[in-house]
Structure formats: C-alpha cells, structure tokens
Amino acid sequence: MTKADSMSPRTPPTPKPVSAPKAATRTAPRFRSRRDWLSNEPGAWAIVLMPTLSALFACGPTVTTCWLAVAWACCYCVQFSDARWFKSRFRTRYVRPALTYLGALGAIGMPFVVLHPGVLRWAPLYIALAAGSMLGAWMRREHSLWANACAVLASSAMPLVMQPYGAHVTPAMQLNGDTLPSVHSWFPEGTFAQPALMLSLAYTAMLGGSVLFVKTMIRERGKWTYLTASWIWHAVICTAGFAASPWLGAAGALLSARAVAMPLVARVRRVPAKTTGITESIASLLCFVLIICAVI
C-alpha cells in the first residue's frame with residue numbers, strides 16, 4: 001500500500017439491511033415502555049373527570065377545588081398503573097409507573113389532607129372501592145359489572161367530596177371540610193346537600209347506564225339478559241330524570257334512545273366498536289352539559 005493510498009479516506013462499510021421484523025423488535029420495547037405509563041382505556045378519563053368538572057362548575061371553582069381535582073386525576077393514574085401491576089402478578093415492568101404515580105399523589109395529596117382533614121371522612125369508602133378494583137384486576141375480571149361499579153361509584157361521589165371546598169358553600173359546610181371527622185359526626189349536616197347530591201346521583205345513573213350500554217354493544221353483544229337490564233335501567237333513569245328536572249329528563253331520554261336504537265341496529269348490521277365509542281362520547285358530552293344546566 002502506497003502513502004497516497006493510506007492517506008485517502010476509507011469507504012465506510014455498507015450497513016447490513018435490517019429486516020422488517022427485526023426493526024419492529026428494536027422499536028417495540030420503547031413503545032411498550034411509553035404505553036406502560038398511559039391508560040389503555042381513553043374513555044375511562046371521561047368517567048373519571050366528568051363528575052369532578054361538573055362539581056367545579058356547580059360548586060364554584062376555587063384553588064382548593066382545583067387542587068382536589070388534580071389529586072383525583074393522580075388517583076386515577078395510581079389506580080390504572082396498580083391494576084396492571086396486580087393483573088400481571090406483580091411483574092417488575094409495572095413497578096416504576098406505579099411507584100411514580102403513587103409518589104406524585106403523595107406529594108399532591110398529603111398537604112391537602114393536612115390542611116383539610118375533613119376529606120378523610122370519605123377514606124373508608126374509597127379504600128373499599130380501591131380494594132374492589134384491585135381484586136377485579138387480580139382476578140382478571142376488571143371488566144365485570146362489580147368492578148365497573150367500583151369505578152362508577154368512586155367517580156360519582158367526587159361532587160360530594162368537593163362541595164365543602166367550593167365557592168358557593170355555607171360557613172358550616174366549609175367547616176366540615178376543614179375539621180377532622182369524629183365517630184359521632186362522621187357525616188355532619190350538609191354533607192349530602194345540593195347541588196352535589198344531585199350531581200352524584202345523576203352521574204351514578206348516567207355512568208351506570210353507559211357501562212350496561214357498552215356491554216350490550218361489545219363484550220356481551222347479543223345477550224338478552226344484559227340488553228333487558230340496560231333497557232330497564234334507562235327507563236328508570238329517564239322517568240326519574242323528568243321527575244327531578246326537565247334537563248335531567250332530556251339527558252335520560254337521550255341516553256335511553258341510544259341504548260334502545262344502537263343494539264337494534266347491531267342485530268341487522270355490524271356496528272364497529274369505534275362507532276360505539278364515538279356515539280357514547282357524543283352522548284356523554286351532551287349529558288355533561290344537560291346535567292350542569294340542571295344544577296346551576
């Protein structure tokens with residue numbers, strides 16, 4: 001080899017082509033890692049946040065209610081990450097998201113509890129509902145009716161939790177939120193006052209109906225037991241809605257119409273799950289507006 005040859009730039013070696021399956025394998029762990037931090041049920045965010053946002057409108061937004069709403073969103077992140085951990089039989093893959101969300105909840109929630117110890121009166125209820133949710137995940141029955149009921153009740157109770165910290169409350173109710181509960185006055189007068197009580201009942205009815213409707217369209221499609229239960233549920237909430245308020249009656253009628261029509265359409269033609277999701281999102285958004293109109 002001459003000196004000129006040694007000084008000339010060397011041609012870089014041609015990289016070996018990577019097959020499509022290998023390339024997909026290389027990118028899969030990174031995608032899987034991102035997915036571990038996110039809920040795989042986007043519709044669940046509507047169940048989690050709609051009652052809380054309605055309480056912000058109805059009870060009057062304050063720094064404290066906004067703080068509590070953020071803490072509640074962190075609670076959901078803890079719930080879905082811990083549920084995956086339980087369902088996987090405690091695989092290390094899910095430890096980091098679970099511990100991170102739990103740390104964030106502690107950082108946000110502990111100062112709130114110190115300043116507003118009255119919120120602890122709701123701790124037994126939420127501990128029981130969280131235990132039910134984790135049991136459903138452990139048994140891999142997180143989509144069962146009782147596991148869904150835990151999620152619905154936890155979310156629907158949030159207006160009652162938030163009401164003592166809103167802008168439109170009496171001094172006595174505000175005192176209840178800042179006073180440690182005692183055995184003799186665990187739920188003092190004003191705990192179940194309006195408008196929070198109406199919000200909680202309305203969302204229990206609405207979200208319970210949503211659970212039944214989605215099951216009749218996807219997981220339990222074609223089963224008359226679920227379809228009958230869904231139609232009875234919606235007939236009751238429609239009747240009760242009109243008895244309470246024209247706005248709630250309109251919401252009940254809207255939900256009843258989609259609960260009856262969509263399964264009947266699905267019997268003669270295929271309705272994709274995406275169509276069911278879009279329909280339910282639109283109905284939920286409209287009911288969100290109607291419920292707020294009913295309480296303000």
Side-chain angles (χ1 to χ4, degrees), residues 34-35 37-58 69-70 72-73 75-77 79-80 83 133 142-145 147-159 198-222 226-227 229-231 233-238 241 245 247-296:
R34 289 200 306 267
R35 196 171 61 178
W37 293 82
L38 304 173
S39 172
N40 58 355
E41 296 182 5
W45 279 106
I47 296 178
V48 170
L49 293 180
M50 280 195 301
T52 300
L53 294 177
S54 296
L56 286 176
F57 282 107
V70 173
W72 173 239
C75 283
Y76 174 58
C77 293
Q79 186 276 331
F80 77 71
S133 177
E142 63 272 23
H143 295 291
S144 62
L145 283 176
N148 290 150
C150 289
V152 168
L153 291 175
S155 181
S156 299
M158 279 305 294
M198 181 177 286
L199 282 175
S200 291
L201 293 176
Y203 276 108
T204 300
M206 169 189 159
L207 297 177
S210 178
V211 168
L212 288 171
F213 164 67
V214 172
K215 286 188 179 299
T216 62
M217 295 299 296
I218 301 177
R219 295 181 180 274
E220 310 296 341
R221 182 173 54 191
Y226 278 86
L227 189 59
S230 175
W231 285 356
W233 181 279
H234 285 87
V236 170
I237 66 174
C238 184
S245 163
W247 297 106
L248 294 180
L254 172 65
L255 295 176
S256 299
R258 66 96 166 83
V260 173
M262 291 287 289
L264 293 180
V265 171
R267 290 181 63 85
V268 296
R269 58 176 298 179
R270 180 178 175 274
V271 178
K274 183 178 180 180
T275 302
T276 301
I278 293 173
T279 301
E280 188 61 13
S281 298
I282 295 173
S284 298
L285 181 60
L286 292 174
C287 287
F288 173 75
V289 176
L290 291 170
I291 290 173
I292 291 177
C293 291
V295 298
I296 59 174

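Every heavy atom of this structure was used, including side-chain atoms; hydrogens, water molecules and symmetry mates were not. Position 1 is the first residue of the sequence; numbering continues from there. Values in this document were obtained by computation on a predicted structure and should not be read as measured data.
- Within the model, atoms CG of Leu201 and CD1 of Ile237 stand 12.5 Å from one another, a figure rounded to the nearest 0.5 Å.
- Legend: salt bridge (Lys or Arg N to Asp or Glu O under 4.0 Å) pairs involving residues 259-276, not counting sequence neighbours: none detected.
- The minimum heavy-atom distance between Phe57 and Ile296, with the atom names listed, is O-CG2, 4.3 Å.
- In plain terms, the two heavy atoms of Val152 and Gly208 that are nearest each other are CG1-N, 4.1 Å.
- Residues forming a side chain to side chain contact (heavy atoms under 4.5 Å, CB included) with Ala151 (at least two apart in sequence, or on another chain): none.
- From Leu207, atom CG reaches atom CG of Leu212 across 11.5 Å, with rounding to the nearest 0.5 Å.
- Listed by first and then second residue, the salt bridge (Lys or Arg N to Asp or Glu O under 4.0 Å) pairs that reach into residues 149-158 come to none, sequence neighbours excluded.
- A 4.5 Å side-chain heavy-atom check between Thr216 and Phe213 finds at least one atom pair inside the cut-off.
- Note: Leu286 CG to Ser281 OG = 11.0 Å, rounded to the nearest 0.5 Å.
- Within the structure, no pair that satisfies the salt bridge (Lys or Arg N to Asp or Glu O under 4.0 Å) test touches residues 285-296, not counting sequence neighbours.
- For Leu290, the side chain to side chain contact (heavy atoms under 4.5 Å, CB included) partners are Trp247, Ala250, Ala251, not counting sequence neighbours.
- The side-chain hydrogen bond (donor to acceptor under 3.5 Å, both in side chains) test applied to Ser155 returns no partner, not counting sequence neighbours.
- Residues passing the side-chain hydrogen bond (donor to acceptor under 3.5 Å, both in side chains) test with Ser210 are Glu280, sequence neighbours excluded.
- Residues Thr276 and Thr279 fail the side-chain proximity criterion, which asks for heavy atoms closer than 4.5 Å.
- Within the structure, the salt bridge (Lys or Arg N to Asp or Glu O under 4.0 Å) test picks out the following pairs touching residues 205-222 (sequence neighbours left out): Glu220-Lys223.
- In this structure, the side chain to side chain contact (heavy atoms under 4.5 Å, CB included) partners of Ser200, at least two apart in sequence or on a different chain, are Pro159, Leu160.
- Inter-residue side-chain proximity for Met206 and Leu255 is flagged as met; some heavy-atom pair is nearer than 4.5 Å.
- To the nearest 0.5 angstrom, Ile292 atom CD1 is 10.0 Å from Met50 atom CE.
- Contacts of Phe80 classified as ring-ring contact (aromatic ring centres under 6.0 Å, His included), with partners at least two apart in sequence or in another chain: Tyr76, Tyr101.
- Between atom SG of residue Cys287 and atom CG of residue Leu248 there is a gap of 9.5 Å, rounded to the nearest 0.5 Å.
- Shown here are the ring-ring contact (aromatic ring centres under 6.0 Å, His included) partners of Trp231, two or more places apart in sequence or in another chain: there are none.
- A donor-acceptor pair under 3.5 Å is absent between the side-chain atoms of Trp72 and the main chain of Leu49, judged by distance alone.
- The line from CG of Leu254 to CD1 of Ile282 is 10.0 Å long, rounded to the nearest 0.5 Å.
- Residues that satisfy the side chain to side chain contact (heavy atoms under 4.5 Å, CB included) test with Ala266, not counting sequence neighbours, are Met217, Val271.
- Thr204 and Trp233 get closest at one heavy-atom pair: O-CZ2, 3.8 Å.
- Pro263 and Arg258 make their closest contact through CD-O, 3.7 Å (heavy atoms, listed as atom of the first residue, atom of the second, distance).
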